[in-house]
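As structure tokens, the structure follows; a few thoughts come after it.
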Amino acid sequence: MARTVSTRRRLAFTALAWTIALALFFPILWTFLTSFKSEGAAIANPPSFLFFDWTLENYHEVQERSNYFHHMWNSVVISFGSTFLGLLIAVPAAWAMAFSPTKNTKNILMWMLSTKMLPPVGVLVPIYLLFRDWALLDTLAGLVLVLTMVNLPIIVWMLYTYFKEIPGDILEAARMDGASLGQEILYVLTPMAVPGIASTCLLNVILAWNEAFWTLNLTAAKAAPLTAFIASYSSPEGLFWAKLSAASTMAIAPILILGWFSQRQLVRGLTFGAVK
Amino acid sequence: MATLHTKSAARAMMSPSVILLFCWMAVPLAMTLYFSFLRYNLLMPGMEEWAGLFNYEFFLTDPAFFSALFNTLILVGSVLVISVGGGLLMALLLDQPVFGQGIVRVLVISPFLIMPTVSALVWKNMMMHPVYGLFAWLAKTVGLDPIDWLSAAPLTSIVMIVSWQWLPFATLILLTALQSLDEDQMEAAEMDGASLWWRFYFIVLPHLGRAITVVILIETIFLLSVFAEILVTTSGGPGYASTNITYLIYTQALLQFDVGGASAGGIVAVILANIVAFFLIRLIGKNLEG
């Protein structure tokens, strides 16, 4: 807010905001710090916050013992694969809805939204059985397929709200100048649509990366992404906090950084355009 | 403007999305409905037979169902109160002039970006562990007995973990809405001598009305399906103390292989979610017209 505020008030707000923010962020910071400790130091009591022997051993060991990068690769394939496939299907649909709407467009959008309300557990049994019969259990292809369908409504919606903001007058002008449909799309609309498509990509990668219902239920080992790999730490043997922290840090870092740069898009995508 | 040509082109462009989504939704749902009337267990293949409403009767009269329903309501309700209430306060605070606002914002929204299995395991071990956890250390430092969070208060612990994930979401949405508030209106009210409370109640709160509703409804949809957090922390226990509907159906389907029973449960879950969805669709539909 641009109103003038006394410095003292400003300092008080700053102190309060930082205290709460650091408290909320603390478990993440703690995970990050613990990942550089030895297993002994990780459970030390009283805990040491900064003054311990920093080591990279855990990162090394997580990869050695359980082939971490295999699971990371699975996460990458699943999140980017489902995003790409989703865009391929959704871009034409959102395009048509935004630029040649019919009286049914609104109903179709609403219906798409409603599929998102279907609790996944309602279709768990048949999807599991179909995947078993089609040999899609624990395969990357199967997960890409499921996550594409799970996030398709969000992709269509988000693209639609972006495309709708492209002014129709520009289209008219291009048409008057004799541009064909192909030229119109290639030279006029695409450059204006790219930012929206990029934001949609970003949100979808984040959602797919963190998805933890289907990835846990439809994978065992071969196609397990990081969500499922980390879950295997829930019943380990022996000392493991430092290794858990190292594995977690690597699993969350890329998405955390992506998310920091896309706060606006997150709001828009997650509220289906209701809050911008 | 829309000629016959563009109309059919538009239809062709939309059909892949519509057809695929329809298949994704309708086919499995129809199968779930069909299975829910069968006596069908994967451990006894070839023994499937028509069971009528038996699965529903069994599911709805099972004491586990009542615990799960109760836990689901507590989980959804508590997390909503904590995240929306806390998120509102947080958003109001972050809307004030604060040094380093950008960084504070980044710190606050971070928990929402963490994958559920990581959040749950970090909380379970490094925060809530009865001996080595930070909470135990804090309790001992101030002279209290440490609590074994996940076995003494399993549902409360899960509420804490899930609230930690969703408070940032509410904060982010409400802050975004708050920042679109008309500055002039606030200044005019201030000059007219309106008190802070008056301004909050009559200007800020009505302005946030829709954003709050959207947060409540979207969170409800996701919170009804909380799964990973329960799986990796308590596995629904002890007993059914932290089992929600989603987790209960999961145990029936993939641990007891009771396809019929799990399907009946699935249909019940769909009906419960539909009651919520009905309101959400109407709300967002109104927005589409505006």
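Reminder, nothing fancy here: chain letters follow the sequence lines and each chain counts from 1.
- For a residue to count as touching a neighbouring chain, one of its non-hydrogen atoms must lie under 4.5 Å from one of that chain's; by this rule B:Phe99 touches chain A with backbone and side chain alike.
- Chain B forms the most heavy-atom pairs under 4.5 Å with one residue out of A:Ala96, A:Ala94, A:Ala15, and that residue is A:Ala96.
- Ranked by heavy-atom pairs under 4.5 Å with chain A, the list B:Val131, B:Val226, B:Val270, B:Leu21 is led by B:Leu21.
- Contacts of B:Leu167 with chain A are made by side-chain atoms alone, with heavy-atom separations under 4.5 Å and no backbone atom involved.
- For chain B, the option among A:Leu29, A:Leu16, A:Ile108 with the highest count of heavy-atom pairs below 4.5 Å is A:Leu16.
- Contacts between B:Leu33 and chain A at a heavy-atom distance below 4.5 Å are absent for every atom of the residue.
- Between A:Trp260 and B:Ser110, the shortest heavy-atom contact is NE1-OG, 2.9 Å.
- With respect to chain A, the highest number of heavy-atom pairs below 4.5 Å among B:Phe112, B:Phe227, B:Phe35 belongs to B:Phe227.
- Taking each heavy atom of A:Val125 and B:Ala253 in turn, the nearest pair found is CG2-CB, 3.7 Å.
- Both the backbone and the side chain of B:Leu29 come within less than 4.5 Å of a heavy atom in chain A.
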Item to check | Stepwise side-chain contact (heavy atoms from CB on, under 4.5 Å) check, A:Ile127 with B:Trp24 | outcome: CA-CA 9 Å; A:Ile127 295 289; B:Trp24 163 252; 3.5 Å; yes

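- The distance from atom CG of B:Leu134 to atom OG1 of A:Thr34, rounded to the nearest 0.5 Å, is 8.0 Å.
- With values rounded to the nearest 0.5 angstrom, A:Leu118 atom CG is found 7.0 Å from B:Met25 atom CE.
- Annotation: maximal heavy-atom pairing with chain A below 4.5 Å, among B:Thr233, B:Leu107, B:Val18, B:Leu254, occurs at B:Leu107.
- Using modelled atom types, one side-chain atom of B:Thr117 and one backbone atom of A:Thr227 make a donor-acceptor pair closer than 3.5 Å.
- The number of heavy-atom neighbours closer than 6.0 Å to CZ of A:Phe26, taken from other residues, nucleotides and ligands shown, is above 12.
- Atom OG of residue A:Ser232 and atom CG of residue B:Leu121 lie 9.0 Å apart, to the nearest 0.5 angstrom.
- Residue B:Phe257: no heavy atom, backbone or side chain, is found under 4.5 Å from chain A.
- With a 6.0 Å radius and a threshold of 12 heavy atoms from other residues, nucleotides or ligands, B:Tyr132 has its OH atom at or below the threshold.
- In this structure, the portions of A:Leu24 lying under 4.5 Å from any heavy atom of chain B include both its backbone and its side chain.
- Counting heavy atoms of neighbouring residues, nucleotides and ligands inside a 6.0 Å radius, atom CD1 of B:Ile103 does not exceed 12 of them.
- Classified by interplanar angle (parallel below 30°, tilted 30° to 60°, perpendicular above 60°), the ring pair A:Trp241/B:His129 is perpendicular.
- Of the atoms belonging to A:Leu216, it is side-chain heavy atoms, and not backbone ones, that fall under 4.5 Å from chain B.
- Within the 4.5 angstrom heavy-atom criterion, no atom of A:Thr148 approaches chain B.
- Ranked by heavy-atom pairs shorter than 4.5 Å toward chain A, the options B:Val27, B:Val268, B:Val104 are led by B:Val104.
- B:Met115 pairs with exactly one of A:Ile206, A:Ile255, A:Asn210 by the side-chain contact (heavy atoms from CB on, under 4.5 Å) rule, that one being A:Asn210.
- Proximity to chain A (any heavy atom under 4.5 Å) is shown, for B:Glu229, by neither the backbone nor the side chain.
- Ranked by heavy-atom pairs shorter than 4.5 Å toward chain B, the options A:Val150, A:Leu124, A:Ile20 are led by A:Ile20.
- For B:Leu175, no part lies near chain A; criterion is any non-hydrogen pair under 4.5 Å.
- Counting non-hydrogen atoms of other residues, nucleotides and ligands closer than 6.0 Å to CZ of A:Arg132 gives a total above 12.
- Here A:Trp111 is the residue among A:Trp111, A:Trp95, A:Phe213, A:Phe229 with the most heavy-atom pairs under 4.5 Å with chain B.
- With a 4.5 angstrom heavy-atom cutoff, B:Ser17 touches chain A via backbone and side-chain atoms both.
- Both the backbone and the side chain of B:Ile173 come within less than 4.5 Å of a heavy atom of chain A.
- Highest contact tally toward chain A, considering only B:Met31, B:Gln101, B:Lys140, is held by B:Met31 [criterion: heavy-atom pairs under 4.5 Å].
- Distance check: A:Leu129 CG to B:Thr32 OG1 gives 9.5 Å after rounding to the nearest 0.5 Å.
- Residue B:Pro97 comes nearest to A:Thr14 through the heavy atom pair O-OG1, 4.4 Å, listed as atom of the first residue, atom of the second, then distance.
- The heavy-atom pair separating B:Val122 from A:Pro27 by the smallest distance is CG1-O, 4.0 Å.
- Between chain A and the residues B:Thr141, B:Leu172, B:Asn274, the largest count of heavy-atom pairs under 4.5 Å involves B:Leu172.
- Heavy atoms closer than 4.5 Å to chain A are found in the side chain of B:Met127, but not in its backbone.
- A donor-acceptor pair is defined here as one N or O able to donate and one able to accept, closer than 3.5 Å; no such pair exists between the side chain of B:Thr246 and the backbone of A:Val121.
- Residue contact with chain B, scored on non-hydrogen atoms closer than 4.5 Å, involves the side chain of A:Ser245 exclusively.
- For chain B, the option among A:Leu130, A:Asn217, A:Val156, A:Leu152 with the highest count of heavy-atom pairs below 4.5 Å is A:Asn217.
- With a threshold of 4.5 angstrom between heavy atoms, B:Phe169 approaches chain A through side-chain atoms but not through N, CA, C or O.
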